[in-house]
There are 4 protein chains.
Amino acid sequence: MVSTAVSAVVPNRRPRIEGDREAEILDAAVRVPADVGYDRLTMDMVASEARAGKATLYRRWQNKAALVVDAVSRAKGIPSPDMPSTGTLRGDLLASWCGREGWSSTLPMSVMGGLMTALHNDEELGAAFREIFSGPRQALARRVFEDVRDRGEIADGVDLDLVMSLLPAVCVHHEFVLNRALDDVFVERVIDAVVLPACHAEQSTAQAGVEPARTVRTAK
Amino acid sequence: MVSTAVSAVVPNRRPRIEGDREAEILDAAVRVPADVGYDRLTMDMVASEARAGKATLYRRWQNKAALVVDAVSRAKGIPSPDMPSTGTLRGDLLASWCGREGWSSTLPMSVMGGLMTALHNDEELGAAFREIFSGPRQALARRVFEDVRDRGEIADGVDLDLVMSLLPAVCVHHEFVLNRALDDVFVERVIDAVVLPACHAEQSTAQAGVEPARTVRTAK
Amino acid sequence: MVSTAVSAVVPNRRPRIEGDREAEILDAAVRVPADVGYDRLTMDMVASEARAGKATLYRRWQNKAALVVDAVSRAKGIPSPDMPSTGTLRGDLLASWCGREGWSSTLPMSVMGGLMTALHNDEELGAAFREIFSGPRQALARRVFEDVRDRGEIADGVDLDLVMSLLPAVCVHHEFVLNRALDDVFVERVIDAVVLPACHAEQSTAQAGVEPARTVRTAK
Amino acid sequence: MVSTAVSAVVPNRRPRIEGDREAEILDAAVRVPADVGYDRLTMDMVASEARAGKATLYRRWQNKAALVVDAVSRAKGIPSPDMPSTGTLRGDLLASWCGREGWSSTLPMSVMGGLMTALHNDEELGAAFREIFSGPRQALARRVFEDVRDRGEIADGVDLDLVMSLLPAVCVHHEFVLNRALDDVFVERVIDAVVLPACHAEQSTAQAGVEPARTVRTAK
DNA sequence: CAATAAACGAGACGGTACGTCGAGTCTTCCT
DNA sequence: AGGAAGACTCGACGTACCGTCTCGTTTATTG
């Protein structure tokens, strides 16, 4: 479990100024690896950058990965939930994904890449990451998409979880698998060519009549 | 550059059975980490599993990541290029993604997660990975999609590269970011709800008249 | 300088029961390490054993070694100066060294071994130790030996300081260097075979005529 | 167990030049702490002085103490067993204890003080120390004393082990407990005033008739 | 009796060294 | 000659303990 969660749940005996030092350390942790990347980042670097003892680091975070997850989450900030609607799904997506505040500006994208290993090896850490980092972002996205559906812009029967994940999925793939730079132009194209069509598609099982999937699957 | 390329281009001094030992080592490398994941895999493990000296490993591969990339590529195998067309895009996709031979069966998905770090930190390695692993798969997919387009099943103006990447993108995101298991049912749903709609969408810039993106972007 | 001196000299602002708490802590310090030895003893152990804060410990003693020196001194107790004479040197030595009250019963001999390091590295601490621990014992011994000499049992010209130190020296060597258990039988043998002969020896420089040390020393 | 013993007993699979690197490291270990003392000496210091990895140190020695014991033993050297007899016990003792080659020159006396802790806490290490360091010295001394006894210079019934230990005992006590510098003059005085009288004393149980120890011990 | 200020318990903190582990290199021996 | 075996350097990891510091909380003396 990551510290943020812990300090929120467990009422520490001595509240202290509460999270004071923690914040400084996380800042330092983000400051340091901006240029080095996750696994060239050492705990000693963070410690000396924050003028902290390593013991202090390990008292609050179980290990390096946990600290970095926390630091990255803080650095990216939780997207402001009071994002004003632009009236259309297209507008909302562009607003939240493009520009200085958008996903593209996720400064430590390289750091996230480095975390993949740890996130997959340590189930608990992965859970913390999804809770702290992905969670709020998904919640925000879901709210946006629900609003839009309620306004009738999304066809009935469309799997909200799926369409919601399209933009992140394509962007992550673009960045990590294809190793291509992400820019606003690309994001816009994806929205127009993928997300909106998926939202407007008739019920996704409509084509079942054309050709049953059974055939293929039984073939294997 | 990774060994496969090297050993293909450079005529090894000692002809030997040619690549014989290499294959054994790669097999060992896949055998070992099936359960441990990339960074719990050590070179010593591979060496002793293959009954080889570490020096031998480093003689053929520049480092651990290069070896694992090679091993994973071999293990997954290059998809057979002579996949018969089923007559529809939907059928072709289901055929190549589902079942025992499909993406879902990519055994060392956990290993790939571990490689992310290395792929991002080492540009050369990333290139090798994309060439050896992604390359053939993308080429195959491209051939399929081009065939389909030539048969008229994909609207004009659709960005082939983009729609081609949709299925992998969503699957990778599902597995790595959401940490959910991939199965044939999910793949089928994605095909129906995302890929096909994107293929049938009218020219992706058509909606520009409805509402110019400019407006929104300037708004932020 | 060690606390005992300090607290005696400086009139504490708040008189309190005066030294009350100090005694409790020293007792705790002796209680704890009975089985662990000096450097497996931690200040936290002492603190929690005494239900005291570490700050309290460091307010009274400069460091761990100072505390342990004090604790050991107290534990051993200062030998009662009113030891009755038995009429012979042999009797006095046996009386003060053997039995339950004797040196052999110096419970924290293992602790003393652990102090060696600190005593040698920290000159000030060593001085305090010699003053608090060795001092009173030497003074007592000196009084005994002087009495005995006055009674004529020790030859003139014998170096009192030297013969005084023989028994402690041999015992310490036995225990620490040879690592053999000390018991009353051994102490008695040393008295008879070493201490008494040295006391009865004619003037120790008498043999200088026999063979001058010069010869050898110049030889080097 | 300490490395010397190990490498002597266990026939290493690969003999190597045998002890090559080990010797270099021990030299470095002695070079470093000459001025700092045992516990200000760190493994990293030794490692970097010897241009060795810490892992190498820990592969050969179980811990810091074991390494230092080995290093000290080597540095002091095993006393040459072919010391020529001077014809008298007094001469032999002076020859072996005084001068540049003597005990006084035991350079790392401060280091030894630091080892006391470890020697007492770690039984195995203490045993190794006594075997490697004390052993040869005691053996040499025993040979000298036996020769002397055979020549008739030591009275019958004298406990050789005891008189043998007198000089070391008094010197160690002088140095460690009294914290006084050891010099040749002091050594000579001890020989004359303590060792020789003990050697010439009549059978050590002779005094039993004078006054039985029982009396005193029952008195307590 | 209430206010005040020192001393206190608790324990977080900076720092330093420990002992472990893995990557990648280098050496020795064997076949 | 080339490879297996494995020792080697390097450097990060996570732990332990020291001695300092900062909290709130007694506690005893004062007003």
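To find a chain, count down the sequence lines: A is the first, B the second, and so on, and within it residues start at 1.
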Euclidean distance, D/Lys54 NZ relative to D/Met43 CE, rounded to 0.5 Å: 8.0 Å
Phosphate OP1/OP2 of F/dA5: any B/Arg51 side-chain N/O under 4.0 Å: yes
Value in whole Å for how far the P atom of F/dA7 lies from CD of D/Glu22: 13 Å
CD-CZ distance between B/Glu22 and B/Arg59, expressed to the nearest 0.5 angstrom: 12.5 Å
Euclidean distance, B/Thr56 OG1 relative to B/Trp61 CH2, rounded to 0.5 Å: 9.5 Å
Rounded distance (Å) that lies between atom C1' of E/dG15 and atom CG of A/Leu57: 13 Å
Phosphate OP1/OP2 of F/dT9: any D/Arg21 side-chain N/O under 4.0 Å: yes
Side chain of D/Ala55 - closest among E/dC21, F/dC21, E/dG19: E/dC21
5' priority, DNA chain E, between B/Tyr58 and A/Ala50 [closest heavy atom]: A/Ala50
Spacing of D/Met45 atom CE relative to E/dT16 atom P, expressed in whole Å: 12 Å
D/Thr56, nearest nucleotide to its side chain (from E/dC18, F/dC8, F/dC21): F/dC8
Base of F/dG14 paired with side chain of A/Lys54 (donor-acceptor, under 3.5 Å): yes
Separation of E/dT25 P from B/Gln62 CD (nearest whole Å): 9 Å
Value rounded to 0.5 Å, distance of CE in C/Met45 from CZ in C/Arg40: 9.5 Å
Nucleotide of E/dG19, F/dC18, E/dC8 approaching C/Thr42 most closely (side-chain heavy atoms): F/dC18
Closest-nucleotide ordering on DNA chain E, the 5'-leading residue of B/Met43 and A/Asp44: A/Asp44
Integer-rounded Å distance: F/dA12 P and A/Leu41 CG: 10 Å
Between C1' of E/dA17 and CG of D/Leu67, the distance in whole Å: 15 Å
Proximal nucleotide (of F/dG19, E/dT25, E/dA12) relative to the C/Lys64 side chain: F/dG19
Shortest non-hydrogen separation from B/Ala52 to B/Ile25 and the atoms involved: CB-CD1, 4.4 Å
Sugar-phosphate only, base, or nothing, as touched by D/Arg59 at under 4.0 Å among non-hydrogen atoms: base
Value in whole Å for how far the C1' atom of E/dT20 lies from CH2 of D/Trp61: 17 Å
Which residue lies more 5' along DNA chain F, comparing C/Asn63 with B/Ala52 via nearest heavy atoms: B/Ala52
Nucleotide E/dA10, atom C1' - distance to CD of C/Glu49 in whole Å: 17 Å
